[in-house]
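A short worksheet on the structure shown next.
Order of the sequence lines fixes the chain letters, A, B, ..., with proteins taken first and strands second; residue numbering starts at 1 for each chain. All values below come from the heavy atoms of this structure, side chains included, with hydrogens, waters and symmetry mates left out. Note that the structure is a prediction, hence the values are computed from the model and not measured.
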Number of protein chains: 2
Amino acid sequence: MKTADPELMRAINRFHVMDVIRRYGPISRVEICERLQLSPTTVSAITGALIDDALIMPRQEGAVRDPARGRPRVMLELNPEAAFVVGVKLAPDQITVAVTNFRADILESLTLPIRIDRQPIPVIADLVEDGVRRCVADADLPMARIAGLCLGLPGLIVQSAGLCRQSPLFGERDVAFGPALSERLGIPVLLDTDVNLVTLAEHWFGHGRGLDDFMVVSIEHSLGLGIMHRGEIFRGASGLSPDLGDLLVQQHDAERAGIERLSAVASGAAIAAKLHDRLRRDGEGAPPSLRRLMARLRERVEGGDREAATVAAAAGEALGFAVANLVALFAPPRVILAGTVLEGGEALLRPLRETIPRLTPPGLGDIAEIVVQGWEETTWARGAAAMMLRELYGSPWGTTGPAERR
Amino acid sequence: MKTADPELMRAINRFHVMDVIRRYGPISRVEICERLQLSPTTVSAITGALIDDALIMPRQEGAVRDPARGRPRVMLELNPEAAFVVGVKLAPDQITVAVTNFRADILESLTLPIRIDRQPIPVIADLVEDGVRRCVADADLPMARIAGLCLGLPGLIVQSAGLCRQSPLFGERDVAFGPALSERLGIPVLLDTDVNLVTLAEHWFGHGRGLDDFMVVSIEHSLGLGIMHRGEIFRGASGLSPDLGDLLVQQHDAERAGIERLSAVASGAAIAAKLHDRLRRDGEGAPPSLRRLMARLRERVEGGDREAATVAAAAGEALGFAVANLVALFAPPRVILAGTVLEGGEALLRPLRETIPRLTPPGLGDIAEIVVQGWEETTWARGAAAMMLRELYGSPWGTTGPAERR
DNA sequence: AGACTTTTGTGTGCGGCACGTAAAAAATAT
DNA sequence: ATATTTTTTACGTGCCGCACACAAAAGTCT
């Protein structure tokens, strides 16, 4: 923790004001005073400075109040054009790019269904750079107006350094992908786990709104775990976010009992591998995308394919085991399940839903509520934007918080 | 997070100065300036106030410096008599009480080998009250000079409320033991998990010194898990500390495969239960204390008792599994193993030591260093003192940090 | 040896900045 | 015009940092 000086004090309060305007805006100065327990003087000074910086702007209309007497309130809101940011998500089979404004509204997005899995790093960087430049151009913005970029990908990431320690997408370890992109595009680049972006998005706009503690489990090609803990994204000691795939589970189906990494049982990649075998045996080709594959899984299970059902059930139970352990540790009031694999249907979901309460410790069982979040391509993009915007808001100590539903 | 005002600013800096003096004291004002990057003016003002409050005191001697020229430094150090606190630890078979001064030096301690397990709550409270009053009297202090008491016990504790949600020591749930004791003794009482006290003690004085991230696994009657995360004791969402015993493990010994709570395999209580059967069968009486029991376990294993060895090995492996999972989540640079059960010897320790690196994810394997801490009765007592002192230091946001070895 | 210089640590006015209180000004409804 | 509510302005307090003065010892010159 830093020592305090007037500058820090100002930064803290300025950030709070920004944050309240983002969450509850349009909002008047008096209301900000109430929410933050700051004096009108301070609020006026800070909002004045923010208006001068064009980060927020006043709006005359809409100042309704019950007894509409007295001087009308001047509502303040974020200036959507104060900054623009780019969010990028890398997955094994696609690159997605989105441009948002200062309110994390998506202005333009672009999906490239390209298999980047195991491509050389410079090639991936090329693809990302092209995608970003194209998307920014489509949004009718010059690169100079882009304040920053946030890129999410699966793996072990040291966010602070923009370093990818390890990822299923990269053949190499310890890739400084953040600095490399920053160099290419000439803008600040944040690197983070894809699931952390979704976690932040859920916090600002989704099921995590109003909650300072919740957990997101994403089940795509890789498994991801995002933890919101006391309003901050939880990162392990080295700044590494925890990797759900590295958790160990017990296999309790009889044939091969033993300890395995969760990613070997329940990830999209693992399920795909097991299903590919099955499909090939039956003379079917492998579907091109994870989404298609999951649709195929569901068809098969509904068609009575026992083997496919077993694969799905094993995955669901293993996930349940892991989630129950996580609940025991973090006691989150809500667990959000997300990811393409959930489209595999009830064959996977039912065992998962049943296992979690069964294995959760009795004292905590009533605490965690399980929510399944239909995956929207836009969710993560807003998350990436939010992650970058949080930097721009100038947070003195980290995360911000959820937006009010309006 | 609070909004900032000059008062908070002062509180932050004042706390920092206190903390630096505790960690590195005796220390001169200049050195404080260097460490905290505060101006001499500020440091002088703050130390002046602290001296006025008799929390710290100057000391002329010992102001050595390489080229011993110029005005000699006035060293500042904590005033050991600024406050006194009491630490209490409850275990199923004993109550331990210690009185410490403002530097967490133990002045007087007292161990009552009483089985409190399942006694009615008021009886336990009586015993604690008596023990505390006696120990304070032995330290030649009137109760009025005791600034507070911190009590550690196994179970699920909501520290902020002094509430014991659940404990192996109490027959009831949701016992407001903190307020009850506070009422009886007329002093502030903090309630916390016993392992959190040890964790804080390790941070201030032990193997966690200088580390902002580490984990403590305590293996006594119950299993305990203490996590130091970014210099703060990690608590789950509801303020509950995670309970290691609630973690799930796979039993991979053939006879009864399946999912079990770790506490059913590796806790002192579980081992004791299994061993009692064995001892009774052989016509031996059950040893009175956990420590004795563990000695017996070791004798047996060294004497070639296969069944005892199996019990120990199963416990070790299950613990290893759990710890490996925790390492995957928190990536702590160090894991401290502590607790009476470790005195059970290599039969338990070896499998534990072997399992952890085997199951730790490859990317993190080199990160976590495993340390076995010989259990000292004094450790937790200093922890309890530290926990209470931290409050007295007036921390604006939580924990402090390690002391410098001198 | 004694006075002077050098060196370093500590305390004191002063300005800057941020917050808060109180009162004035602004802007509308009655 | 009056009442009411919001916002701004004027002023006071507290804290930090700067520059400087003061304090105390070691070295140095006469």
Side-chain angles (χ1 to χ4, degrees), chain A residues 1-18 21 26-52 56-76 394 396, chain B residues 1-17 20-21 25-52 56-77 394 396:
Chain A
M1 182 71 177
K2 253 193 69 188
T3 55
D5 56 32
E7 202 179 323
L8 176 71
M9 193 160 85
R10 182 62 150 191
I12 290 174
N13 288 337
R14 185 180 154 118
F15 173 79
H16 268 126
V17 170
M18 269 299 267
I21 294 174
I27 185 176
S28 69
R29 292 178 177 81
V30 251
E31 225 178 316
I32 296 174
C33 294
E34 283 165 20
R35 286 200 182 274
L36 294 181
Q37 296 291 305
L38 283 173
S39 71
T41 317
T42 305
V43 171
S44 258
I46 292 174
T47 52
L50 291 174
I51 290 172
D52 286 348
I56 64 173
M57 48 192 216
R59 184 163 78 169
Q60 283 305 337
E61 355 108 42
V64 259
R65 196 170 68 259
D66 263 346
R69 304 210 299 185
R71 178 172 173 172
R73 301 176 168 183
V74 176
M75 306 306 270
L76 303 172
Chain B
M1 180 74 178
K2 255 191 65 187
T3 54
D5 56 31
E7 204 178 320
L8 176 71
M9 190 159 85
R10 184 60 147 193
I12 290 174
N13 289 337
R14 186 180 154 119
F15 173 78
H16 268 126
V17 170
V20 165
I21 293 173
I27 184 176
S28 68
R29 292 176 177 82
V30 248
E31 225 178 316
I32 297 174
C33 295
E34 282 165 21
R35 287 200 182 274
L36 294 181
Q37 296 291 305
L38 282 173
S39 71
T41 317
T42 305
V43 170
S44 258
I46 292 173
T47 52
L50 291 175
I51 290 173
D52 287 348
I56 64 173
M57 48 192 218
R59 184 163 77 170
Q60 283 305 336
E61 355 107 42
V64 260
R65 198 169 68 256
D66 263 344
R69 305 210 297 186
R71 178 171 172 176
R73 302 177 166 181
V74 176
M75 306 307 268
L76 303 171
E77 60 185 342

Practice prompt. Check whether any side-chain N or O of A:N13 sits under 4.0 Å from OP1 or OP2 of C:dA18, and answer yes or no.
Written response: no
Practice prompt. Could you tell me the separation between the CD atom of B:Q37 and the P atom of D:dC16, rounded to a whole number of Å?
Written response: 15 Å
Item to complete: Could you tell me the separation between the CZ atom of A:R14 and the P atom of C:dC19, rounded to a whole number of Å?
Response: 12 Å
Discussion item. Measure CG/A:D5 against C1'/C:dC19 and give the value in whole Å, please.
Written reply: 15 Å
Discussion item. Both B:L38 and A:V30 contact DNA chain D. Which one's nearest nucleotide lies toward the 5' end?
Written reply: A:V30
Item to complete: With the side chain counted from C-beta on, respond yes when A:V43 and A:L36 share a heavy-atom pair under 4.5 Å apart, and no when they do not.
Response: no
Item to complete: Please test A:R73 against A:I27 for side-chain contact (heavy atoms from CB on, under 4.5 Å), starting from the C-alpha separation and ending with a verdict.
Response: CA-CA 9 Å; A:R73 301 176 168 183; A:I27 185 176; over 6 Å; no
Worksheet item: Is there a donor-acceptor pair closer than 3.5 Å between any side-chain N or O of A:T47 and the backbone N or O of A:S44?
Response: yes
Worksheet item: Under 4.5 Å between any side-chain heavy atoms of A:M18 and A:L50, yes or no?
Response: yes
Could you list all N or O pairs between the protein and nucleotides 22-27 of chain C that sit under 3.5 Å apart?
unit_1 : atom_1 : unit_2 : atom_2 : d
C:dA27 : N3     : A:R71  : N      : 3.3

Worksheet item: Heavy atoms, side chains only, cut-off 4.5 Å: are B:R29 and B:P40 in contact?
Response: no
Item to complete: Start with the C-alpha distance between B:T42 and B:V17, add both sets of side-chain angles, then the distance that settles side-chain contact (heavy atoms from CB on, under 4.5 Å), and finish with yes or no.
Response: CA-CA 10 Å; B:T42 305; B:V17 170; over 6 Å; no
Worksheet entry | Nearest-neighbour nucleotide for the A:R29 side chain, D:dT8, D:dC15, D:dG17 considered | D:dT8
Discussion item. Using whole Å, what does the distance between atom C1' of nucleotide D:dG17 and atom CG of B:L36 come to?
Written reply: 15 Å
Worksheet item: Would you say a side-chain N or O of B:R10 is under 4.0 Å from OP1 or OP2 of D:dG14?
Response: no
Worksheet item: On DNA chain D, nearest-nucleotide positions of A:E31 versus A:A4: which is more 5'?
Response: A:E31
Worksheet item: Whole Å only: how far is the CG atom of B:L8 from the P atom of D:dT13?
Response: 22 Å
Item to complete: State which of D:dT7, D:dC15, C:dC19 makes the closest approach to the side chain of A:S28.
Response: D:dT7
Practice prompt. Under 4.0 Å from any atom of DNA chain D, heavy atoms only: list the residues of residues 42-49 of chain A that qualify, in numerical order.
Written response: A:S44
Practice prompt. Start with the C-alpha distance between B:I32 and B:L38, add both sets of side-chain angles, then the distance that settles side-chain contact (heavy atoms from CB on, under 4.5 Å), and finish with yes or no.
Written response: CA-CA 8 Å; B:I32 297 174; B:L38 282 173; 5.8 Å; no
